[in-house]
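Beneath this line is the structure, given in C-alpha coordinates, with notes to follow.
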2 protein chains.
Amino acid sequence: MTRVPLKEQMHRVREDAIVSSVIRLLADKGYDLMTVDEVAADVGIAKASLYKHFGSKEELAASAMVTLLDRALAFVASLPREGDPLLQLQAVARWAMQVQLAGEMPSLPSQNSSLRAALMSHRVYLDRLIELSERLGNWISAGQANGSLARSLPPEVILYTLFARACDPVLATLKLSGQYPDEQIIEWLLLSTFSGLSARP
Amino acid sequence: MTRVPLKEQMHRVREDAIVSSVIRLLADKGYDLMTVDEVAADVGIAKASLYKHFGSKEELAASAMVTLLDRALAFVASLPREGDPLLQLQAVARWAMQVQLAGEMPSLPSQNSSLRAALMSHRVYLDRLIELSERLGNWISAGQANGSLARSLPPEVILYTLFARACDPVLATLKLSGQYPDEQIIEWLLLSTFSGLSARP
DNA sequence: GTCTATAAATCGATAGAC
DNA sequence: GTCTATCGATTTATAGAC
(Lines give C-alpha, C1' and ligand atoms only; values in the text may rest on other atoms or scores of the structure.)
Protein backbone atom coordinates (compact mmCIF):
# COMPACT_ATOMS: atom_id res chain seq x y z
CA MET A 1 0.00 0.00 0.00
CA THR A 2 1.79 3.13 -1.18
CA ARG A 3 0.53 6.29 0.38
CA VAL A 4 -0.93 8.80 -2.07
CA PRO A 5 0.55 12.25 -1.47
CA LEU A 6 -1.93 14.82 -0.25
CA LYS A 7 -1.03 17.04 -3.17
CA GLU A 8 -2.09 14.39 -5.68
CA GLN A 9 -5.28 13.68 -3.77
CA MET A 10 -6.21 17.37 -3.90
CA HIS A 11 -5.45 17.40 -7.59
CA ARG A 12 -7.64 14.38 -8.21
CA VAL A 13 -10.53 15.69 -6.15
CA ARG A 14 -10.47 19.02 -7.95
CA GLU A 15 -10.43 17.42 -11.37
CA ASP A 16 -13.35 15.19 -10.37
CA ALA A 17 -15.28 18.26 -9.28
CA ILE A 18 -14.52 19.93 -12.60
CA VAL A 19 -15.64 16.92 -14.65
CA SER A 20 -18.78 16.62 -12.56
CA SER A 21 -19.68 20.24 -13.23
CA VAL A 22 -18.98 19.86 -16.93
CA ILE A 23 -21.25 16.81 -17.19
CA ARG A 24 -24.14 18.69 -15.62
CA LEU A 25 -23.58 21.81 -17.70
CA LEU A 26 -23.23 19.76 -20.90
CA ALA A 27 -26.51 18.01 -20.16
CA ASP A 28 -28.19 21.29 -19.29
CA LYS A 29 -27.00 23.62 -22.03
CA GLY A 30 -25.02 21.62 -24.54
CA TYR A 31 -21.44 22.17 -25.65
CA ASP A 32 -21.83 25.38 -27.63
CA LEU A 33 -23.87 27.23 -25.03
CA MET A 34 -21.67 26.09 -22.16
CA THR A 35 -19.03 28.73 -21.46
CA VAL A 36 -15.74 28.14 -19.71
CA ASP A 37 -16.59 31.03 -17.41
CA GLU A 38 -19.68 29.15 -16.26
CA VAL A 39 -17.70 26.00 -15.58
CA ALA A 40 -15.19 27.94 -13.49
CA ALA A 41 -17.97 29.68 -11.57
CA ASP A 42 -19.80 26.38 -10.99
CA VAL A 43 -16.67 24.68 -9.68
CA GLY A 44 -15.75 27.74 -7.67
CA ILE A 45 -12.30 28.45 -9.09
CA ALA A 46 -10.87 31.00 -11.50
CA LYS A 47 -10.95 30.33 -15.22
CA ALA A 48 -7.16 30.50 -15.49
CA SER A 49 -6.97 27.70 -12.93
CA LEU A 50 -9.24 25.56 -15.09
CA TYR A 51 -6.80 25.88 -17.94
CA LYS A 52 -4.02 24.50 -15.74
CA HIS A 53 -5.99 21.25 -15.53
CA PHE A 54 -7.44 21.07 -19.06
CA GLY A 55 -5.80 22.66 -22.05
CA SER A 56 -8.97 23.69 -23.86
CA LYS A 57 -12.74 23.67 -23.76
CA GLU A 58 -12.71 20.66 -26.07
CA GLU A 59 -10.50 18.69 -23.70
CA LEU A 60 -12.82 19.63 -20.87
CA ALA A 61 -15.83 18.23 -22.72
CA ALA A 62 -13.97 15.16 -23.91
CA SER A 63 -12.99 14.26 -20.35
CA ALA A 64 -16.63 14.53 -19.32
CA MET A 65 -17.76 12.30 -22.18
CA VAL A 66 -15.12 9.70 -21.35
CA THR A 67 -16.30 9.66 -17.74
CA LEU A 68 -19.85 9.09 -18.96
CA LEU A 69 -18.82 6.21 -21.21
CA ASP A 70 -16.91 4.71 -18.30
CA ARG A 71 -20.07 4.83 -16.20
CA ALA A 72 -21.97 3.06 -18.97
CA LEU A 73 -19.27 0.41 -19.29
CA ALA A 74 -19.31 -0.08 -15.53
CA PHE A 75 -23.07 -0.63 -15.59
CA VAL A 76 -22.77 -3.07 -18.48
CA ALA A 77 -20.10 -4.96 -16.58
CA SER A 78 -22.32 -5.13 -13.51
CA LEU A 79 -25.03 -7.07 -15.36
CA PRO A 80 -25.13 -10.89 -15.02
CA ARG A 81 -23.15 -12.35 -17.89
CA GLU A 82 -25.69 -15.03 -18.82
CA GLY A 83 -29.01 -13.19 -19.06
CA ASP A 84 -31.50 -12.79 -21.88
CA PRO A 85 -29.87 -10.39 -24.38
CA LEU A 86 -33.14 -8.46 -24.81
CA LEU A 87 -33.42 -7.95 -21.06
CA GLN A 88 -29.79 -6.84 -20.89
CA LEU A 89 -30.35 -4.21 -23.57
CA GLN A 90 -33.52 -3.02 -21.89
CA ALA A 91 -31.65 -2.72 -18.61
CA VAL A 92 -28.99 -0.56 -20.28
CA ALA A 93 -31.67 1.61 -21.89
CA ARG A 94 -33.44 2.02 -18.56
CA TRP A 95 -30.17 2.98 -16.89
CA ALA A 96 -29.42 5.58 -19.57
CA MET A 97 -32.87 7.11 -19.19
CA GLN A 98 -32.41 7.33 -15.43
CA VAL A 99 -29.13 9.14 -15.98
CA GLN A 100 -30.89 11.53 -18.32
CA LEU A 101 -33.64 12.19 -15.79
CA ALA A 102 -30.94 12.93 -13.24
CA GLY A 103 -29.70 15.70 -15.55
CA GLU A 104 -26.41 13.99 -16.29
CA MET A 105 -26.84 12.85 -19.89
CA PRO A 106 -25.56 15.28 -22.55
CA SER A 107 -27.30 14.95 -25.88
CA LEU A 108 -25.49 13.03 -28.58
CA PRO A 109 -22.92 15.16 -30.40
CA SER A 110 -24.77 15.55 -33.69
CA GLN A 111 -23.12 15.17 -37.05
CA ASN A 112 -22.59 18.89 -37.48
CA SER A 113 -21.64 19.67 -33.89
CA SER A 114 -18.38 21.40 -33.13
CA LEU A 115 -17.96 18.92 -30.27
CA ARG A 116 -18.13 15.95 -32.61
CA ALA A 117 -15.03 16.91 -34.56
CA ALA A 118 -13.05 17.17 -31.34
CA LEU A 119 -14.32 13.83 -30.03
CA MET A 120 -13.65 12.03 -33.30
CA SER A 121 -9.93 12.76 -32.95
CA HIS A 122 -9.83 11.92 -29.24
CA ARG A 123 -8.35 8.45 -28.96
CA VAL A 124 -9.46 7.66 -25.42
CA TYR A 125 -13.04 8.66 -26.20
CA LEU A 126 -13.09 6.59 -29.37
CA ASP A 127 -11.67 3.59 -27.54
CA ARG A 128 -14.41 3.71 -24.94
CA LEU A 129 -17.10 4.26 -27.55
CA ILE A 130 -15.93 1.28 -29.59
CA GLU A 131 -15.76 -0.92 -26.52
CA LEU A 132 -19.31 -0.02 -25.49
CA SER A 133 -20.55 -0.53 -29.05
CA GLU A 134 -19.00 -3.99 -29.14
CA ARG A 135 -20.55 -5.06 -25.84
CA LEU A 136 -23.99 -3.90 -26.98
CA GLY A 137 -23.38 -5.35 -30.43
CA ASN A 138 -22.82 -8.80 -28.96
CA TRP A 139 -26.16 -8.67 -27.18
CA ILE A 140 -27.87 -7.44 -30.33
CA SER A 141 -26.48 -10.35 -32.34
CA ALA A 142 -27.48 -12.82 -29.66
CA GLY A 143 -30.95 -11.30 -29.41
CA GLN A 144 -31.52 -11.56 -33.13
CA ALA A 145 -30.22 -15.12 -33.10
CA ASN A 146 -32.61 -16.26 -30.37
CA GLY A 147 -35.55 -14.44 -31.92
CA SER A 148 -36.20 -11.82 -29.24
CA LEU A 149 -34.93 -8.89 -31.34
CA ALA A 150 -36.28 -7.91 -34.76
CA ARG A 151 -34.36 -9.65 -37.54
CA SER A 152 -35.75 -7.21 -40.09
CA LEU A 153 -33.47 -4.46 -38.74
CA PRO A 154 -29.68 -4.44 -39.28
CA PRO A 155 -27.74 -4.60 -35.99
CA GLU A 156 -26.33 -1.19 -36.87
CA VAL A 157 -29.80 0.37 -36.85
CA ILE A 158 -30.62 -1.18 -33.49
CA LEU A 159 -27.34 0.02 -31.97
CA TYR A 160 -27.71 3.61 -33.20
CA THR A 161 -31.33 3.65 -32.05
CA LEU A 162 -30.33 2.60 -28.54
CA PHE A 163 -27.72 5.35 -28.36
CA ALA A 164 -30.26 7.88 -29.64
CA ARG A 165 -32.97 6.82 -27.16
CA ALA A 166 -30.54 7.34 -24.30
CA CYS A 167 -30.74 11.08 -25.08
CA ASP A 168 -34.29 11.13 -26.41
CA PRO A 169 -35.77 14.64 -26.06
CA VAL A 170 -39.18 13.03 -25.47
CA LEU A 171 -38.00 12.20 -21.97
CA ALA A 172 -37.23 15.82 -21.07
CA THR A 173 -40.51 16.98 -22.60
CA LEU A 174 -42.58 14.55 -20.55
CA LYS A 175 -40.66 15.33 -17.37
CA LEU A 176 -41.15 19.07 -17.93
CA SER A 177 -44.91 18.58 -18.13
CA GLY A 178 -44.69 17.45 -14.52
CA GLN A 179 -47.70 15.18 -14.89
CA TYR A 180 -46.06 11.79 -14.50
CA PRO A 181 -43.60 10.16 -12.09
CA ASP A 182 -40.13 9.44 -13.45
CA GLU A 183 -40.57 5.68 -13.41
CA GLN A 184 -43.79 5.92 -15.44
CA ILE A 185 -42.07 8.04 -18.08
CA ILE A 186 -39.22 5.55 -18.39
CA GLU A 187 -41.60 2.60 -18.77
CA TRP A 188 -43.48 4.34 -21.57
CA LEU A 189 -40.29 5.17 -23.43
CA LEU A 190 -39.01 1.63 -23.06
CA LEU A 191 -42.34 0.39 -24.37
CA SER A 192 -42.30 2.70 -27.39
CA THR A 193 -38.64 1.88 -28.10
CA PHE A 194 -38.91 -1.90 -27.94
CA SER A 195 -42.56 -2.52 -28.82
CA GLY A 196 -43.27 0.45 -31.12
CA LEU A 197 -46.19 2.84 -31.43
CA SER A 198 -48.56 0.53 -33.28
CA ALA A 199 -50.56 -2.10 -31.43
CA ARG A 200 -49.13 -5.58 -31.04
CA PRO A 201 -51.41 -8.31 -32.35
CA MET B 1 -56.99 40.19 -61.09
CA THR B 2 -55.04 43.01 -59.43
CA ARG B 3 -51.53 43.36 -60.69
CA VAL B 4 -48.87 42.89 -58.03
CA PRO B 5 -46.34 45.70 -58.19
CA LEU B 6 -42.86 44.65 -59.27
CA LYS B 7 -41.46 46.13 -56.11
CA GLU B 8 -43.58 43.87 -53.94
CA GLN B 9 -42.75 40.85 -56.05
CA MET B 10 -39.03 41.54 -55.63
CA HIS B 11 -39.57 41.93 -51.90
CA ARG B 12 -41.44 38.64 -51.68
CA VAL B 13 -38.90 36.75 -53.77
CA ARG B 14 -36.03 38.02 -51.66
CA GLU B 15 -37.72 37.08 -48.41
CA ASP B 16 -38.43 33.62 -49.77
CA ALA B 17 -34.78 33.26 -50.68
CA ILE B 18 -33.79 34.34 -47.18
CA VAL B 19 -36.14 31.88 -45.47
CA SER B 20 -34.96 29.12 -47.77
CA SER B 21 -31.33 29.77 -46.82
CA VAL B 22 -32.19 29.90 -43.13
CA ILE B 23 -33.99 26.55 -43.29
CA ARG B 24 -30.97 24.87 -44.84
CA LEU B 25 -28.52 26.50 -42.46
CA LEU B 26 -30.69 25.66 -39.45
CA ALA B 27 -30.84 22.04 -40.54
CA ASP B 28 -27.11 21.97 -41.21
CA LYS B 29 -25.66 23.78 -38.20
CA GLY B 30 -28.46 24.51 -35.77
CA TYR B 31 -29.54 27.88 -34.42
CA ASP B 32 -26.59 28.69 -32.18
CA LEU B 33 -23.90 27.85 -34.71
CA MET B 34 -25.70 29.61 -37.54
CA THR B 35 -24.43 33.19 -37.82
CA VAL B 36 -26.27 36.05 -39.45
CA ASP B 37 -23.15 36.71 -41.53
CA GLU B 38 -23.47 33.24 -43.01
CA VAL B 39 -27.11 33.75 -43.86
CA ALA B 40 -26.32 37.01 -45.61
CA ALA B 41 -23.45 35.41 -47.52
CA ASP B 42 -25.62 32.43 -48.50
CA VAL B 43 -28.40 34.66 -49.78
CA GLY B 44 -25.90 36.96 -51.45
CA ILE B 45 -26.85 40.24 -49.78
CA ALA B 46 -25.32 42.39 -47.08
CA LYS B 47 -26.05 41.72 -43.45
CA ALA B 48 -27.55 45.16 -42.91
CA SER B 49 -30.01 44.42 -45.69
CA LEU B 50 -31.09 41.26 -43.88
CA TYR B 51 -31.99 43.32 -40.86
CA LYS B 52 -34.30 45.45 -43.01
CA HIS B 53 -36.37 42.33 -43.65
CA PHE B 54 -36.15 40.62 -40.25
CA GLY B 55 -35.59 42.49 -37.03
CA SER B 56 -33.42 39.91 -35.34
CA LYS B 57 -31.79 36.52 -35.65
CA GLU B 58 -34.64 35.05 -33.63
CA GLU B 59 -37.26 36.43 -36.02
CA LEU B 60 -35.25 35.00 -38.88
CA ALA B 61 -35.33 31.53 -37.35
CA ALA B 62 -38.97 31.81 -36.33
CA SER B 63 -39.99 32.63 -39.90
CA ALA B 64 -38.14 29.57 -41.10
CA MET B 65 -39.83 27.35 -38.52
CA VAL B 66 -43.27 28.73 -39.43
CA THR B 67 -42.59 27.95 -43.08
CA LEU B 68 -41.67 24.40 -42.13
CA LEU B 69 -44.84 23.92 -40.08
CA ASP B 70 -46.84 25.28 -43.02
CA ARG B 71 -45.26 22.67 -45.27
CA ALA B 72 -46.20 19.97 -42.78
CA LEU B 73 -49.77 21.25 -42.55
CA ALA B 74 -49.99 21.35 -46.35
CA PHE B 75 -48.87 17.73 -46.53
CA VAL B 76 -51.37 16.70 -43.86
CA ALA B 77 -54.11 18.48 -45.78
CA SER B 78 -53.13 16.67 -48.97
CA LEU B 79 -53.83 13.24 -47.47
CA PRO B 80 -57.20 11.57 -48.15
CA ARG B 81 -59.54 12.50 -45.34
CA GLU B 82 -60.93 9.00 -44.77
CA GLY B 83 -57.89 6.74 -44.54
CA ASP B 84 -56.65 4.43 -41.82
CA PRO B 85 -55.29 6.68 -39.02
CA LEU B 86 -52.20 4.52 -38.60
CA LEU B 87 -51.39 4.80 -42.31
CA GLN B 88 -51.93 8.58 -42.19
CA LEU B 89 -49.48 8.94 -39.32
CA GLN B 90 -46.96 6.72 -41.05
CA ALA B 91 -47.30 8.83 -44.18
CA VAL B 92 -46.56 11.98 -42.19
CA ALA B 93 -43.56 10.34 -40.54
CA ARG B 94 -42.24 9.21 -43.92
CA TRP B 95 -42.68 12.70 -45.32
CA ALA B 96 -40.79 14.23 -42.39
CA MET B 97 -37.92 11.79 -42.83
CA GLN B 98 -37.72 12.64 -46.51
CA VAL B 99 -37.50 16.31 -45.62
CA GLN B 100 -34.72 15.51 -43.18
CA LEU B 101 -32.81 13.53 -45.79
CA ALA B 102 -33.14 16.52 -48.11
CA GLY B 103 -31.30 18.57 -45.48
CA GLU B 104 -34.29 20.76 -44.73
CA MET B 105 -35.33 19.58 -41.26
CA PRO B 106 -33.83 21.51 -38.35
CA SER B 107 -33.58 19.50 -35.16
CA LEU B 108 -36.22 20.11 -32.52
CA PRO B 109 -35.49 23.14 -30.37
CA SER B 110 -34.50 21.35 -27.18
CA GLN B 111 -35.73 22.38 -23.77
CA ASN B 112 -32.63 24.41 -23.01
CA SER B 113 -32.16 25.91 -26.46
CA SER B 114 -31.96 29.65 -26.86
CA LEU B 115 -34.22 29.25 -29.89
CA ARG B 116 -36.97 27.62 -27.85
CA ALA B 117 -37.55 30.66 -25.65
CA ALA B 118 -37.97 32.84 -28.71
CA LEU B 119 -40.38 30.40 -30.39
CA MET B 120 -42.47 29.95 -27.27
CA SER B 121 -43.37 33.64 -27.33
CA HIS B 122 -43.93 33.71 -31.09
CA ARG B 123 -47.70 33.62 -31.60
CA VAL B 124 -47.74 32.59 -35.24
CA TYR B 125 -45.36 29.73 -34.58
CA LEU B 126 -47.40 28.54 -31.61
CA ASP B 127 -50.62 28.72 -33.62
CA ARG B 128 -49.18 26.53 -36.35
CA LEU B 129 -47.68 24.11 -33.85
CA ILE B 130 -51.00 23.72 -32.03
CA GLU B 131 -52.88 23.22 -35.28
CA LEU B 132 -50.50 20.49 -36.42
CA SER B 133 -50.64 18.83 -33.00
CA GLU B 134 -54.43 18.78 -33.13
CA ARG B 135 -54.54 17.22 -36.59
CA LEU B 136 -52.10 14.50 -35.55
CA GLY B 137 -53.88 14.14 -32.21
CA ASN B 138 -57.13 13.32 -33.95
CA TRP B 139 -55.50 10.52 -35.89
CA ILE B 140 -53.83 9.22 -32.75
CA SER B 141 -57.18 9.07 -30.92
CA ALA B 142 -58.82 7.36 -33.87
CA GLY B 143 -55.96 4.89 -34.18
CA GLN B 144 -56.15 3.94 -30.52
CA ALA B 145 -59.93 3.63 -30.81
CA ASN B 146 -59.80 1.23 -33.75
CA GLY B 147 -56.98 -0.79 -32.21
CA SER B 148 -54.19 -0.05 -34.69
CA LEU B 149 -52.21 2.15 -32.27
CA ALA B 150 -50.94 1.03 -28.85
CA ARG B 151 -53.49 1.78 -26.14
CA SER B 152 -50.83 1.33 -23.46
CA LEU B 153 -49.24 4.67 -24.42
CA PRO B 154 -50.87 8.05 -23.67
CA PRO B 155 -51.66 10.03 -26.85
CA GLU B 156 -49.21 12.65 -25.59
CA VAL B 157 -46.32 10.18 -25.66
CA ILE B 158 -47.18 9.08 -29.20
CA LEU B 159 -47.41 12.69 -30.41
CA TYR B 160 -44.08 13.74 -28.89
CA THR B 161 -42.46 10.59 -30.22
CA LEU B 162 -43.62 11.35 -33.75
CA PHE B 163 -42.21 14.89 -33.55
CA ALA B 164 -38.94 13.56 -32.20
CA ARG B 165 -38.61 10.90 -34.90
CA ALA B 166 -38.99 13.56 -37.57
CA CYS B 167 -35.58 14.87 -36.48
CA ASP B 168 -34.10 11.57 -35.34
CA PRO B 169 -30.28 11.74 -35.48
CA VAL B 170 -30.24 8.05 -36.39
CA LEU B 171 -31.30 9.06 -39.90
CA ALA B 172 -28.32 11.37 -40.39
CA THR B 173 -25.94 8.76 -38.98
CA LEU B 174 -27.15 6.05 -41.34
CA LYS B 175 -27.08 8.40 -44.31
CA LEU B 176 -23.54 9.47 -43.45
CA SER B 177 -22.39 5.85 -43.51
CA GLY B 178 -23.28 5.89 -47.19
CA GLN B 179 -24.08 2.18 -47.20
CA TYR B 180 -27.81 2.28 -47.81
CA PRO B 181 -30.21 4.00 -50.20
CA ASP B 182 -32.40 6.71 -48.71
CA GLU B 183 -35.62 4.75 -49.11
CA GLN B 184 -34.15 1.76 -47.27
CA ILE B 185 -33.11 3.99 -44.35
CA ILE B 186 -36.58 5.47 -44.10
CA GLU B 187 -38.27 2.06 -44.12
CA TRP B 188 -36.05 0.85 -41.29
CA LEU B 189 -36.76 3.90 -39.17
CA LEU B 190 -40.49 3.62 -39.79
CA LEU B 191 -40.25 -0.03 -38.78
CA SER B 192 -38.36 0.72 -35.57
CA THR B 193 -40.71 3.60 -34.73
CA PHE B 194 -44.00 1.78 -35.25
CA SER B 195 -43.04 -1.84 -34.62
CA GLY B 196 -40.20 -1.44 -32.13
CA LEU B 197 -36.81 -3.10 -31.75
CA SER B 198 -37.98 -6.37 -30.26
CA ALA B 199 -39.40 -9.12 -32.44
CA ARG B 200 -43.14 -9.22 -33.07
CA PRO B 201 -44.77 -12.54 -32.15
C1' DG C 1 -33.18 49.18 -49.79
C1' DT C 2 -28.28 48.10 -50.31
C1' DC C 3 -23.82 48.81 -49.11
C1' DT C 4 -19.32 49.67 -45.96
C1' DA C 5 -17.80 50.34 -41.52
C1' DT C 6 -18.21 49.93 -36.81
C1' DA C 7 -20.26 49.76 -32.16
C1' DA C 8 -21.21 46.75 -28.14
C1' DA C 9 -21.08 42.51 -25.99
C1' DT C 10 -19.31 37.89 -25.30
C1' DC C 11 -16.15 34.10 -25.50
C1' DG C 12 -11.86 31.29 -25.47
C1' DA C 13 -7.41 31.67 -23.97
C1' DT C 14 -3.22 33.87 -21.67
C1' DA C 15 0.09 37.05 -18.95
C1' DG C 16 1.97 38.10 -14.86
C1' DA C 17 1.77 38.97 -9.82
C1' DC C 18 1.51 36.34 -5.64
C1' DG D 1 -1.46 26.52 -8.67
C1' DT D 2 -4.59 30.35 -7.95
C1' DC D 3 -5.91 34.78 -8.73
C1' DT D 4 -7.00 39.45 -11.42
C1' DA D 5 -6.86 41.63 -15.58
C1' DT D 6 -6.71 41.60 -20.35
C1' DC D 7 -5.99 40.23 -25.25
C1' DG D 8 -7.74 38.79 -29.76
C1' DA D 9 -11.35 36.89 -32.25
C1' DT D 10 -16.19 36.44 -33.19
C1' DT D 11 -21.04 37.79 -33.24
C1' DT D 12 -25.31 40.46 -33.12
C1' DA D 13 -26.92 44.68 -34.36
C1' DT D 14 -26.72 49.55 -36.14
C1' DA D 15 -25.12 54.16 -38.33
C1' DG D 16 -24.62 56.64 -42.21
C1' DA D 17 -23.33 57.29 -47.15
C1' DC D 18 -25.25 56.33 -51.68
Side-chain angles (χ1 to χ4, degrees), chain A residues 4-19 21-22 25-26 28-65 106 109 112-119 121-122, chain B residues 4-19 21-22 25-26 28-65 106 109 112-119 121-122:
Chain A
V4 178
L6 177 62
K7 202 170 174 180
E8 281 187 24
Q9 285 188 46
M10 298 278 294
H11 189 84
R12 174 64 177 275
V13 166
R14 195 154 29 226
E15 292 207 340
D16 284 352
I18 294 172
V19 167
S21 283
V22 172
L25 286 171
L26 274 184
D28 186 40
K29 324 185 58 174
Y31 178 75
D32 294 311
L33 264 65
M34 178 189 81
T35 68
V36 180
D37 288 87
E38 278 173 328
V39 177
D42 195 67
V43 178
I45 62 178
K47 183 164 58 168
S49 305
L50 255 188
Y51 277 95
K52 298 286 183 180
H53 290 270
F54 299 91
S56 69
K57 183 185 178 184
E58 290 179 351
E59 261 190 53
L60 213 51
S63 295
M65 297 300 288
N112 41 36
S113 161
S114 47
L115 177 57
R116 186 183 161 85
L119 291 177
S121 58
H122 194 285
Chain B
V4 178
L6 177 62
K7 203 170 176 181
E8 282 187 23
Q9 285 189 47
M10 297 280 294
H11 189 85
R12 174 64 177 274
V13 166
R14 195 155 29 227
E15 291 206 342
D16 284 352
I18 294 173
V19 167
S21 283
V22 172
L25 287 170
L26 273 184
D28 186 40
K29 323 184 60 174
Y31 179 74
D32 295 311
L33 265 64
M34 177 189 83
T35 69
V36 179
D37 287 272
E38 278 173 329
V39 177
D42 195 66
V43 179
I45 63 177
K47 183 166 52 170
S49 305
L50 253 189
Y51 276 95
K52 299 284 183 180
H53 290 270
F54 299 93
S56 68
K57 182 185 179 183
E58 289 179 351
E59 261 189 53
L60 213 52
S63 295
M65 298 300 287
N112 41 36
S113 162
S114 48
L115 176 58
R116 184 183 163 85
L119 291 177
S121 57
H122 193 284

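On a predicted model such as this, the values are computed, not experimentally measured, just so you know. Each chain gets a letter, A, B and so on, in the order its sequence line appears, and its residues count up from 1.
Residue B/Tyr51 contributes atom OH, which lies 9 Å from atom C1' of D/dT14 at whole-angstrom precision.
We find the CD1-CG distance between B/Ile18 and B/Leu50 to be 5.0 Å, quoted to the nearest 0.5 Å. In this structure, CD on A/Glu58 lies 7.5 Å from OG on A/Ser121, to the nearest 0.5 angstrom. Between atom CZ of residue B/Arg14 and atom OG of residue B/Ser49 there is a gap of 8.0 Å, rounded to the nearest 0.5 Å. Within the model, atoms OG of A/Ser113 and CG of B/Asp32 stand 11.0 Å from one another, a figure rounded to the nearest 0.5 Å.
Here the side chains of B/His122 and B/Met65 are not in contact, with every heavy-atom distance at 4.5 Å or above. The closest side-chain heavy-atom distance from A/Phe54 to A/Val19 is below 4.5 Å.
For the side-chain contact (heavy atoms from CB on, under 4.5 Å) with B/Leu25, the lone residue among B/Val39, B/Thr35, B/Leu33 that qualifies is B/Val39.
Rotation axes derived from the C1' atoms of the five outermost pairs at either end of the helix from C/dG1-D/dC18 to C/dC18-D/dG1 lie 20° apart, to the nearest 10°.
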* Asked: What does nucleotides 5-11 of chain D look like as a protein-contact string, B for base, S for sugar-phosphate only, - for none, at under 4.0 angstrom between heavy atoms?
  -> ------S
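The two residues B/Gly55 and B/Glu59 make their nearest non-hydrogen contact at N-OE1, 3.5 Å.
Once you apply a 4.0 Å limit to the heavy atoms of chain B, the touched nucleotides of DNA chain C run 5' to 3' over C/dG1 to C/dT4.
Remark on DNA chain C: of its neighbouring residues A/Asp32 and A/Lys52, the 5'-side contact belongs to A/Asp32, judged by nearest-heavy-atom nucleotide.
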